[in-house]
Visitor: 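Before anything else, here's the structure in question.
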Number of protein chains: 2
Amino acid sequence: MADFDPAEDELTPPPEGTGAISAHMTPDRQASHFKRARHARETEIIEDYVELIADLIDEQGEARAVDIAKRLGVTGATVNKMVARLKQMNLVNAEPYRSVFLTDEGREMAEASRERHHIVVALLRVVGVDEATAWADAEGMEHRCSPETLMAFKEFVKRHKS
Amino acid sequence: MADFDPAEDELTPPPEGTGAISAHMTPDRQASHFKRARHARETEIIEDYVELIADLIDEQGEARAVDIAKRLGVTGATVNKMVARLKQMNLVNAEPYRSVFLTDEGREMAEASRERHHIVVALLRVVGVDEATAWADAEGMEHRCSPETLMAFKEFVKRHKS
DNA sequence: TATAAAAGTTAGCCTTGACTAATAATTGTA
DNA sequence: TACAATTATTAGTCAAGGCTAACTTTTATA
């Protein structure tokens, strides 16, 4: 978690051939894409936890470790460790043997994440992906879309739905 | 790398509310989405390496560790370790102090990966994402699309490109 | 052809995010 | 209320994928 420097992350202009290098796709620009991807991998787990905690609170009034574990398909021990990390990041409040709550910051992240999730699902639906697949694939794609892409998705969906 | 069992990966039908649980989105179905996502995270690095090696071979006739490192934005030591792993997976052939070559299996993976990459870029372009952003975002999204979604993208692009 | 520069290798360390197993606390119920 | 079941915590392990530093091999050039 210390690999991605937004300052050096200039968006890379397109190559011309197969996906290969060109005058525009220099090695270090390509490197910045990969750094961006690595950074996304690191943050998406955090976002998944936070979004799920928000869902549980909304549905059941509280987010218990055991439910988080069940829905993520991991063990309670893993959840416990992760919650400690989220707490340290000031995304959740958690006391021993009590369920987990979101801080303002955490809720903000959850909302943002959830909105992205929905936009991606909507876009997939519009381009013809069936609903089940859309929900399955959105889990993952949502973390890799820049604000620009999400905005484009939103606009596109608005213009094309129904 | 031993978490995802395709056998239990039934696609999850959609929920109805905010993204929350419903009769269709049972906890273990949601868990399978997250397992799928974790699996994708594990394989995408492999795919990035393999695709990049293919690019380098096509462009320069060979893939040297130093060039791989430069384009991925990692150190040579990291590349070395990863190449050893790729070799063990029978995706590349590599001899000490020589550059890296793809096995048939590796080239197959590279082609598939590259094709997915291009489809995603094309889809993004069609829905209005600018070219630079499309290339940046495709790095990452390409690994998270199911065959169904890619097929839908392909069809959609075919129907909509100017 | 020496020798310096570049590239590759190896060893050792770190963090993340999983796991299991053992233990402790809480909760529900007979 | 006591006890059983559920839930949470802690400790220790593992593999992946990064890193740096030291060293070796190859390549290029003075």
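Letters A, B, ... are given to chains in the order of the sequence lines, protein chains preceding strands, and every chain is numbered from 1. Keep in mind that what you see is a predicted model, and the values were worked out from it rather than measured.
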Visitor: Please answer: with hydrophobic residues joined when any side-chain heavy atoms are less than 4.5 Å apart, are B:Ile57 and B:Met82 in the same cluster?
Guide: yes
Visitor: Using whole Å, report how far CZ of A:Arg38 lies from C1' of D:dG18.
Guide: 8 Å
Visitor: Send over the distance from A:Met89 CE to C:dT16 C1', rounded to a whole Å.
Guide: 12 Å
Visitor: Partners of A:Arg107 by side-chain hydrogen bond (donor to acceptor under 3.5 Å, both in side chains), sequence neighbours excluded?
Guide: none
Visitor: Could you tell me the separation between the CZ atom of B:Arg41 and the C1' atom of C:dA18, rounded to a whole number of Å?
Guide: 11 Å
Visitor: Rounding to a whole Å, what distance do you find between B:Ile45:CD1 and C:dT16:C1'?
Guide: 12 Å
Visitor: Taking all heavy atoms of A:Ala110 and all of A:Ala54, pick out the closest pair and write down the distance.
Guide: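 A:Ala110 and A:Ala54 have their closest heavy atoms at CB-CB, 3.6 Å.
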Visitor: What integer distance in Å separates A:Met82:CE from D:dT10:C1'?
Guide: 18 Å
Visitor: Linking directly or through intermediates, with side-chain heavy atoms under 4.5 Å: list the remaining ILVMFWY members grouped with B:Val129, chain and number order.
Guide: A:Ile119, A:Val120, A:Leu123, A:Leu124, A:Val126, A:Val127, A:Val129, A:Met141, A:Leu150, A:Phe153, A:Phe156, A:Val157, B:Ile119, B:Val120, B:Leu123, B:Leu124, B:Val126, B:Val127, B:Met141, B:Leu150, B:Phe153, B:Phe156, B:Val157
Visitor: Apply the hydrophobic cluster definition, ILVMFWY joined by side-chain contacts under 4.5 Å directly or through others, and give me every member besides B:Tyr97.
Guide: none
Visitor: More than 12 heavy atoms of other residues, nucleotides or ligands under 6.0 Å from CD of B:Glu108: is that the case?
Guide: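 No, not enclosed.
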Visitor: Of all the heavy-atom pairs spanning B:Arg144 and B:Ala40, show the shortest one and how long it is.
Guide: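 Nearest pair, atom of B:Arg144 first, then B:Ala40: NE-CB, 3.5 Å.
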Visitor: Find the distance A:Ile68:CD1 to D:dT9:P and express it as a whole number of Å.
Guide: 10 Å
Visitor: Enumerate donor-acceptor pairs with a distance under 3.5 Å from any side-chain N or O in residues 87-94 of chain B to protein atoms, sequence neighbours excluded.
Guide:
from	atom 1	to	atom 2	distance (Å)
B:Lys87	NZ	B:Ala94	O	2.8
B:Asn90	ND2	B:Glu105	OE1	3.3

Visitor: Expressed as a whole number of angstroms, how long is the span from B:Asp48:CG to D:dA16:C1'?
Guide: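 In whole Å, D:dA16 C1' lies 15 Å from B:Asp48 CG.
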Visitor: Find the distance A:Glu42:CD to D:dA16:C1' and express it as a whole number of Å.
Guide: 12 Å
Visitor: Do nucleotides 7-14 of chain C as a string where each nucleotide becomes B, S or -: B if the base has a protein heavy atom under 4.0 Å, S if just the sugar-phosphate does, - if no protein is that close.
Guide: SSSB-BB-
Visitor: So which protein N/O to nucleotides 3-5 of chain D N/O distances come out below 3.5 Å?
Guide:
none

Visitor: For residues B:Glu47 and B:Glu142, determine if any side-chain heavy atom of one lies less than 4.5 Å from a side-chain heavy atom of the other.
Guide: no
